[in-house]
Amino acid sequence: MWTSRLSRVSRPLIRSIATNSCRNKAIAKLPGIELALGGKLSEVQVTYEQWGDQTLPDERTIMIFPSFSHSSHVASNLDDPRPGWWENVVGPGKAIDTSVFRVICASVLGSPYGSTSPLTINPDTGKHYRASFPQITPADMATVHRNLLDHLGINKVHAIVGGSMGGMQAVQFASLFPDRLTRLVALSCTAQTTPGTVAFRRVQRLAILSDPEYKDGNYEFGVGLAGMKVARELGMTCYRSREEFDTRFDWQPSGPTHFKELTFDVESYMDYQASKFARIFDPNCYLLLSKAMDLTDLGRGYQNLAEGVGRIKAETLVIGVKQDLLVPLTEQKTIVDILESYDTPATLSVIDSKYGHDAMFHPQMQSIVFAPLVSEFLERNLDTLEHEQQRYSSL
Ligand SMILES: N[C@@H](CCO)C(=O)O
């Protein structure tokens, strides 16, 4: 089994620190924000989770930003022992080592997991925001993450890490608040969404908007809309690759010989996964976040994209997947090219994986491919770490 470099160094000495845990889950009431596209949210709250020793200093803190459909639950913890969405990357002795680092992950603004979103009561009207929620962008999400750091009294973290929509927030955070982080890890993301990606997401949104049960956003909460299921199925076709579908499923269909009932394996799989998703993910949140990703643009407010990306000062690792249909590798390369033109240390790691855009979430890919890359980058040149481990172990 793979172990990080640090796991071979004094690991037992610091194990005791990780058990010195306060509560893992909490809610923070944060200041309201002015939104990048205009308008404001007068009140903002976030739900967040923490792992590791909460008394570790800023330079030993890592913040992880969730992707589109993920909550703050990046890994299991005492408050919530269910496996998280990056369970094989985050934890004691893992790539993002919670025996060494304090790790924080907050549910994203606009997502249906307890942070301010269309599911929240609008303080101005006393009613749920629903479809009236103002359009946000990854810049607004990044501002809320910064406000959470302020709330926690953390100035400059060791690293910000995010994949897919988490990566869009991460690069945006690093551009808006360059002095608040030392390292940046951005996976399968973009600094400026391109029309080809908007096209994929448009048809997903249309599936929801054209469902009569959507009712302009006034649907009954908790009832899975058929349109949501179609949206997720459409999403799945670009989160994976042809190669995965073709190697994973039998071709032979089964069932009565009628177009409504004759079913291929791949159809049963998509039906099951998307039905599950449609029951738990709120449609207005889906529409809001989907459009927010399309609005990713680090050039907004600057002369051009390069100027916005060039504001990033953190040493950067960008990881992209060759087979990514949704956010092509060229967009990760653009980030690195711009950073290099500004003499900011940046590396592009290219992964070859039939799991495409979602490769970073695949359990085996997490352990075998992403964990070593992320760990090596986060721990590189931390010369004083062993010394500091001794210091913290004696607390
Ligand atoms: N499949 C991932 C990435 C989507 O952009 C998610 O649902 O969060």
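Both ligands and their constituent atoms are indexed starting at 1 by order of listing. Nothing fancy with the numbering, it's 1 onward along the sequence.
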Colleague: What closest approach, in Å, do K229 and S275 show between heavy atoms, and which atom pair accounts for it?
Modeller: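 Heavy-atom minimum between the residues: CE-OG, 3.0 Å.
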Colleague: Please answer whether the main-chain N or O of G84 pairs with a side-chain N or O of E87 as donor and acceptor at a distance below 3.5 Å.
Modeller: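 Yes; judged by distance alone, with no hydrogens or angles, the pair exists.
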Colleague: Could you give the side-chain donor-acceptor pairs of residues 151-166 under 3.5 Å, partners two or more places apart or in another chain?
Modeller:
from, atom 1, to, atom 2, distance (Å)
H158, NE2, L378, O, 2.7
S164, OG, H357, NE2, 2.7

Colleague: Anything with a heavy atom under 4.0 Å from ligand 1 counts, so go ahead and list those protein residues by chain and number.
Modeller: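 For ligand 1, the residues that come within the 4.0 Å heavy-atom cutoff are S67, F68, S69, S164, R232, Y239, H357, D358, F361.
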Colleague: Please report, to 0.1 Å, the donor-acceptor pairs under 3.5 Å made by any side chain of residues 26-37, with sequence neighbours excluded.
Modeller:
from, atom 1, to, atom 2, distance (Å)
K29, NZ, Q45, OE1, 2.9

Colleague: Report yes or no: is the cationic atom of R130 (NZ for Lys, CZ for Arg) closer than 6.0 Å to the six-membered ring centre of Y219, at no more than 45° off its axis?
Modeller: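 Yes; both conditions hold, so R130 lies above the ring face of Y219.
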Colleague: Please go through Y269's hydrophobic cluster and name the other residues, only I, L, V, M, F, W, Y counting, with side-chain heavy atoms under 4.5 Å joining them.
Modeller: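 Hydrophobic cluster check, Y269: joined to M236, F245, F249, W251, F264, V266, M270.
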